[in-house]
Asks: 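One structure, pasted below without further comment.
Numbers here are sequence positions counted from 1. Computed over heavy atoms, backbone and side chain alike; hydrogens, waters and symmetry mates excluded.
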Amino acid sequence: MKQVILVEDDDRLSSLISQYLTEHNFEVRRLASGENLLQLVQTSPPDILVLDVMLPGENGFALCNKVRPYYSGPLLFMTAKNDDFDQVFGLEIGADDYIIKPVEPRVLLARINALLRRNKEPSLPVNSHQKLQYGQLTIDRSTRSACLKGVDVQLTSHEFDMLWKLAESPSTLVDRTTLYRDVIGREYDGLDRSADVRISRLRKKLQDNTQHPYKIKTIWGKGFFFVADAWDD
């Protein structure tokens with residue numbers, strides 16, 4: 001059974017979600033606040049972490065910042081605020097997805113399953129290429145790791161998926177529709193900014209120029225472009 005940690009202070013909603021997920025073969029550990037979350041993540045990491053944003057004590061954003069150094073798996077925010085700021089901020093600090101309250105359990109289940117599918121290590125053919133090398137950047141699919149200038153780059157699982165998708169087609173436009181379908185796990189609706197936020201996080205971690213990117217370029221209105229010969233410096 002896949003394990004979920006659900007941090008939600010609304011007992012009625014937490015119970016409803018827990019019951020629904022349990023009926024669909026998940027083991028759910030419920031917390032009403034983030035007080036013991038870090039210890040729980042470190043001692044028994046879940047397959048996915050679901051965080052409410054508005055919580056007593058530390059809010060979901062603060063908890064995300066606290067656990068991300070120790071947990072690279074899927075993290076999904078539940079937020080009552082239907083505005084770009086909260087959603088984009090959540091993605092920028094390390095969330096993989098978000099869902100707007102009121103939460104429909106079946107929609108939450110679909111989002112969870114999509115994140116878990118993306119997080120599952122793919123079954124690779126024997127002769128497939130599992131390592132990519134561009135200058136001082138090495139990307140290893142077998143260990144789901146990246147190394148730049150001899151230093152490991154700390155990527156979440158979904159950041160790694162995004163990087164691999166771009167790097168396996170160097171100097172080629174990867175359109176948004178493909179990225180959303182193959183990496184994020186849903187169709188692009190023309191408004192969702194999840195891919196842009198993840199690309200922005202990748203640029204920071206890979207020492208790209210965030211104001212004038214030259215390693216991972218944005219082709220406005222179309223998609224993104226991994227520059228193969230930009231990793232020598």
Side-chain angles (χ1 to χ4, degrees), residues 2-10 13-14 17 21 26 28-31 33-34 37-38 40-42 45-55 57-105 107-120 144 153-165 176 179-180 182-186 188-189 191-206 210:
K2 296 291 186 182
Q3 295 190 356
V4 180
I5 292 179
L6 170 65
V7 187
E8 168 59 65
D9 63 321
D10 183 330
L13 177 59
S14 177
I17 292 173
L21 294 179
F26 285 87
V28 183
R29 288 173 284 176
R30 297 167 55 192
L31 298 175
S33 73
L37 178 61
L38 180 58
L40 187 57
V41 165
Q42 289 178 301
D47 294 290
I48 187 166
L49 175 58
V50 180
L51 282 176
D52 186 20
V53 171
M54 301 302 295
L55 290 165
E58 291 182 292
N59 65 27
F61 295 146
L63 291 172
C64 178
N65 277 325
K66 180 179 286 188
V67 303
R68 260 312 182 201
Y70 307 95
Y71 173 72
S72 62
L75 190 155
L76 184 149
F77 272 128
M78 297 191 298
T79 175
K81 296 183 179 180
N82 188 13
D83 61 66
D84 278 351
F85 176 79
D86 269 14
Q87 295 163 18
V88 170
F89 183 70
L91 294 169
E92 284 179 340
I93 64 172
D96 296 296
D97 203 354
Y98 55 84
I99 189 168
I100 305 298
K101 289 184 174 183
V103 175
E104 285 285 343
V107 177
L108 177 61
L109 175 63
R111 291 290 186 90
I112 287 173
N113 282 331
L115 289 174
L116 290 175
R117 280 195 300 271
R118 295 307 314 153
N119 195 53
K120 183 179 179 182
R144 296 180 65 78
V153 182
Q154 298 301 312
L155 300 176
T156 68
S157 179
H158 285 66
E159 287 168 352
F160 178 85
D161 289 337
M162 183 73 76
L163 176 60
W164 182 271
K165 187 66 180 179
R176 291 175 181 274
L179 278 179
Y180 275 83
D182 295 351
V183 177
I184 297 176
R186 59 176 179 265
Y188 178 53
D189 63 6
L191 299 174
D192 194 327
R193 298 174 62 187
S194 301
D196 299 85
V197 174
R198 292 182 194 181
I199 292 295
S200 177
R201 285 177 57 82
L202 278 176
R203 286 174 177 145
K204 292 176 183 177
K205 292 184 177 185
L206 296 172
T210 56

Asks: Kindly compute the distance separating CG (Asp97) from CG (Leu91), expressed to the nearest 0.5 Å.
Replies: 7.0 Å
Asks: Do Lys66 and Val41 have side chains that get closer than 4.5 Å, going by heavy atoms?
Replies: no
Asks: Within the 4.5 Å heavy-atom criterion, are Leu75 and Val67 side-chain neighbours or not?
Replies: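 Leu75 vs Val67: side chains touch.
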Asks: Pick from Leu6, Ile5, Leu63: which one makes a side-chain contact (heavy atoms from CB on, under 4.5 Å) with Leu51?
Replies: Leu63
Asks: Looking only at non-hydrogen atoms, find the nearest pair between Arg30 and Ser14 and report the distance.
Replies: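 Closest heavy-atom pair between Arg30 and Ser14: NE-OG, 2.8 Å.
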Asks: Decide, yes or no, whether a salt bridge links Arg111 with Asp96 under the criterion of side-chain N to carboxylate O below 4.0 Å.
Replies: no
Asks: Using modelled atom types only, decide if a donor and an acceptor are shared between the side chain of Arg203 and the backbone of Leu206 within a distance under 3.5 Å.
Replies: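 Here the side-chain-to-backbone pair does not exist.
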Asks: Which heavy atom in Glu58 sits nearest to a heavy atom in Ala62, and how many Å separate them?
Replies: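 Reported closest heavy-atom pair: CB-CB, 4.2 Å.
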Asks: For a quick test of reading the model, state the closest non-hydrogen atom pair linking Leu38 to Tyr70 and the distance between them.
Replies: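 Shortest heavy-atom separation between Leu38 and Tyr70 comes out as CD1-CD1, 3.5 Å.
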Asks: Kindly compute the distance separating CG (Leu202) from NE2 (His158), expressed to the nearest 0.5 Å.
Replies: 12.5 Å
Asks: Could you tell me whether the side chains of Thr156 and Arg201 share a donor-acceptor contact shorter than 3.5 Å?
Replies: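 The answer is no; no qualifying pair exists.
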Asks: May I ask you to test the Leu37-Leu49 pair for a side-chain heavy-atom distance under 4.5 Å?
Replies: yes
Asks: Quick check for you: to the nearest 0.5 Å, what is the distance between Leu116 atom CG and Phe26 atom CZ?
Replies: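 Interatomic distance, Leu116 CG to Phe26 CZ, rounded to 0.5 Å: 5.5 Å.
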Asks: Counting N and O atoms only, with roles assigned by atom type, does the side chain of Lys205 sit under 3.5 Å from a partner on the main chain of Gln154, one being a donor and the other an acceptor?
Replies: yes
Asks: The test is side chain to side chain contact (heavy atoms under 4.5 Å, CB included); show your working for Arg186 and Asp192 and say whether it passes.
Replies: CA-CA 10 Å; Arg186 59 176 179 265; Asp192 194 327; 2.6 Å; yes
Asks: With distance as the sole test, does Asp52 use its side chain to make a donor-acceptor pair with the main-chain N or O of Leu55 at under 3.5 Å?
Replies: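 No: the side chain of Asp52 does not pair with the backbone of Leu55.
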Asks: To the nearest 0.5 Å, tell me how far Thr79 OG1 sits from Tyr98 OH.
Replies: 10.0 Å
Asks: Is a donor on one side and an acceptor on the other found under 3.5 Å between the side chain of Tyr180 and the backbone of Ala195?
Replies: yes
Asks: Within the structure provided, determine whether Leu108 and Leu76 are in side-chain contact (heavy-atom separation under 4.5 Å).
Replies: yes
Asks: Indicate yes or no: at least one non-hydrogen side-chain atom of Glu8 is less than 4.5 angstrom from one of Val50.
Replies: no
Asks: Report yes if some heavy atom in the side chain of Met162 is under 4.5 Å from a heavy atom in the side chain of Ile199; otherwise report no.
Replies: yes
Asks: Evaluate Ser72 against Arg144 for side chain to side chain donor-acceptor pair (under 3.5 Å), listing each step before the verdict.
Replies: CA-CA 11 Å; Ser72 62; Arg144 296 180 65 78; over 6 Å; no
Asks: Testing the basics here: between Ala95 and Cys64, what is the closest heavy-atom pair and its distance to 0.1 Å?
Replies: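 Smallest interatomic distance, heavy atoms only, reads N-SG, 4.2 Å.
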Asks: For the side chain of Asp47 and the backbone of Gln3, is there at least one donor-acceptor N/O pair under 3.5 Å apart?
Replies: yes
Asks: Looking at side-chain heavy atoms only, is the closest gap between Ile184 and Arg198 below 4.5 Å?
Replies: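 Yes, their side chains come closer than 4.5 Å.
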Asks: Any side-chain heavy atom of Lys2 sitting closer than 4.5 Å to one from Ile112?
Replies: no
